[in-house]
Amino acid sequence: MSTPAQFALVDVNNFYVSCERVFQPRLHNIPMVVLSNNDGCAVARSNEVKALGVKMGAPWFSLKDLALLHGIEAFSSNYTLYADMSQRVVDILRDYAPDLEVYSIDESFLRIEQVLPLHGGGVALGRQMRQRIRLWTGLPVCVGIGPTKTLAKFANHLAKKQAVFEGVCDLNALSRPERQDWMAQTEVREVWGVGNRTARRLAEMDIHTVLDLRNTPPARVRERFGVVMERIVCELRGISCLGLEDITPPKQQIMASRSFGRPVHSVVELREALSAHVARAGEKLRAQQSLAGAVHVFIRTNPFKPDEPQYNASLLVPLPEPSNDSRLLSDAVWVALRKIFRAGFAYKKAGVMLTALSEARRQQHGLFEDTVTRTRDATLMKTLDHLNLHFGRDTIHLAATGTSRDWRMRSANRSPRFTTCWDELPSAH
DNA sequence: TCTGGGGTCCTAGGACCC
DNA sequence: TCTGGGGTCCTAGGACCC
């Protein structure tokens with residue numbers, strides 16, 4: 001008999017905010033947010049800011065008055081820093097349980113039933129992880145433990161919101177009435193996989209709390225909502241339906257898009273931006289050793305300015321044969337752009353999506369293809385990627401991506417890349 | 001002046017096959 | 001009056017996640 005599964009979900013509190021605070025201690029207890037790309041929305045909020053009622057994704061410009069009043073500080077996103085800190089947390093967790101799924105930049109699921117006895121149970125294990133991550137990285141985390149992923153998520157929610165748990169909640173350590181009590185106290189919207197729409201439809205069925213949903217017969221849920229919700233109900237009942245995805249499957253689509261720092265009118269600038277995006281997408285594509293079968297290009301004006309003329313266009317360009325050569329991808333982008341571009345609009349955003357992906361090693365080559373050229377092209381791309389990896393992004397790039405790039409997104413207040421860039425290391429005095 | 005950037009999975013419906 | 005019973009593949013759209 002094998003031990004029944006136990007999952008832990010470990011996530012970093014206010015991740016981006018916490019990363020900034022590690023290297024700038026003066027920010028502790030100061031209300032602060034980290035902004036999305038282009039300094040648009042607040043995507044991470046400190047507890048002080050959450051307490052002021054600022055919602056996730058609130059546009060920064062609409063918070064200016066509040067910010068002035070309360071001294072809220074805003075930082076531009078510093079993904080280089082966050083990615084590195086994230087990796088450090090994962091390395092520590094993998095030491096505790098090698099069976100680990102990196103679910104997002106600040107969350108990991110762990111299979112822990114094998115290691116639980118070594119640490120004296122879930123609560124003890126969770127506390128140890130918390131302490132070590134705090135000591136080694138400076139980041140605060142919460143730990144939720146339960147027999148399914150959905151329950152581990154729920155436990156994590158309790159660990160975060162309910163002070164009694166002190167950051168670690170193991171559902172197995174609670175009595176049945178206690179578990180039911182917590183479920184009855186928690187809104188169904190908090191369940192992993194239940195969004196606003198579903199929550200509203202559930203309310204019509206008089207299902208309001210986690211406990212209500214748990215007690216609904218799975219078959220009834222399936223009728224109304226489909227198989228996804230049925231699985232969620234089973235998971236809430238302790239029947240594990242979702243396994244750990246410990247090997248990351250290759251992406252099925254790769255996207256690269258950005259809003260512009262200022263309105264863009266010319267086809268030349270759009271082409272530069274799109275070439276830069278497709279180059280980034282191509283890099284990701286080669287990194288996972290895939291080929292793209294088609295390139296999807298889109299351009300759009302600013303939907304938040306309904307008074308201005310609006311234009312939204314996209315086009316899918318199939319490639320003659322699957323490829324991961326940035327030059328060919330860039331050509332396809334140009335083909336699409338020439339077709340969809342209309343003069344006289346103020347463009348706000350442009351992007352590229354690579355689709356119909358396949359494995360590079362399974363490529364079917366043409367019978368009469370020139371193998372010498374093909375090998376040379378592949379080597380060229382490899383060299384390009386190596387140079388950019390070792391000497392920094394954009395050390396070498398397609399001329400089509402332009403040189404001035406003054407359409408680039410805003411990033412007015414980015415902190416130094418403390419951990420990944422020699423010139424920006426923090427110094428101790 | 002000013003509103004992110006990625007992804008996944010499922011379902012329904014249409015076209016087509018025998 | 002009456003018109004089978006399976007399938008597959010593709011696409012668009014919706015819902016969700018962080």
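Below, chains carry the letters A, B, ... as their sequence lines are ordered, and counting in each starts from 1.
- Protein atom CE of M409(A) is 17 Å distant from nucleotide atom P of dC2(B), rounded to whole Å.
- Listed pair K349(A) / dG5(B) meets the phosphate criterion, a side-chain N or O lying under 4.0 Å from OP1 or OP2.
- Taking the six-membered ring for Trp and thresholds of 30 and 60 degrees, F345(A) and Y311(A) have nearly parallel ring planes, at less than 30 degrees apart.
- Mapping K348(A) and R222(A) onto DNA chain B by nearest heavy atom places K348(A) at the nucleotide closer to the 5' end.
- We find that E308(A) and K348(A) are not joined by a salt bridge, their nearest charged nitrogen and carboxylate oxygen being 4.0 Å or further apart.
- A side chain to side chain donor-acceptor pair (under 3.5 Å) with N14(A) is found for exactly one of K50(A), R21(A), R45(A), namely K50(A).
- Toward the 5′ end of DNA chain B lies the nearest nucleotide of Y79(A), the other residue of the pair M353(A) and Y79(A) mapping further downstream.
- At a threshold of 4.0 angstrom between heavy atoms, the contacts of N38(A) with the nucleic acid are absent.
- For the C1' atom pair drawn from dC17(C) and dG4(B), the interatomic distance equals 15 Å after rounding to whole Å.
- When heavy atoms are screened at a 4.0 angstrom cut-off, R231(A) is found touching the sugar-phosphate backbone but no base atom.
- In terms of the side-chain contact (heavy atoms from CB on, under 4.5 Å) criterion, residue partners of K251(A) (sequence neighbours excluded) are, by chain and number, I254(A), Q288(A).
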| said: So if I define the base as every atom that isn't primed, P, OP1 or OP2, how would nucleotides 7-18 of chain C read as a B/S/- string at a heavy-atom cutoff under 4.0 Å? | reply: --------SSSS
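- A salt bridge links R262(A) to D406(A): one of the charged nitrogens lies within less than 4.0 Å of a carboxylate oxygen.
- A side-chain donor-acceptor contact under 3.5 Å links N78(A) and S415(A).
- Ring geometry for F23(A) against F418(A) counts as parallel: the plane angle stays under 30°, on a 0 to 90° scale with 60° as the upper cut.
- A heavy atom lying under 4.0 Å from DNA chain B marks the following residues of residues 45-65 of chain A, by number: P59(A), F61(A).
- Annotation: K161(A), atom NZ; neighbour count of heavy atoms from other residues, nucleotides and ligands within 6.0 Å does not exceed 12.
- Less than 4.0 Å separates DNA chain C from no heavy atom of any residue of residues 250-288 of chain A.
- Under 4.0 Å is where a charged nitrogen must lie from a carboxylate oxygen, and between D331(A) and R327(A) no such pair does.
- At a threshold of 4.0 Å, the pair D394(A)-R405(A) counts as salt-bridged, since one of the basic side-chain nitrogens sits closer than that to a carboxylate oxygen.
- Judged purely by distance below 3.5 Å, without hydrogens or angles, the side chains of E20(A) and Y82(A) pair a donor atom with an acceptor atom.
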Under 3.5 Å, sequence neighbours excluded: what are the donor-acceptor pairs made by side chains of residues 131-149 of chain A?
from	atom 1	to	atom 2	distance (Å)
R132(A)	NE	Y96(A)	OH	3.3
R134(A)	NH1	G138(A)	O	3.4
T137(A)	OG1	I133(A)	O	2.6
T137(A)	OG1	L139(A)	N	3.1
T148(A)	OG1	L151(A)	N	3.0
T148(A)	OG1	E235(A)	O	3.0
K149(A)	NZ	E101(A)	OE1	2.8
K149(A)	NZ	G243(A)	O	2.8

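- One interatomic measurement links the two molecules: CG of L354(A) to C1' of dG6(B), which rounds to 13 Å at whole-angstrom precision.
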| message | Taking Watson-Crick (N1-N3 plus N6-O4 or O6-N4) and G-U wobble (N1-O2, O6-N3), each under 3.5 Å, can you produce the dot-bracket string of DNA chain B? Use [ ] for crossing pairs and | for inter-strand ones. | response | ....||||||||||||||
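- Salt-bridge formation is detected for the pair E113(A)/R111(A): a Lys NZ or Arg NE/NH1/NH2 atom is positioned less than 4.0 Å from an Asp or Glu carboxylate oxygen.
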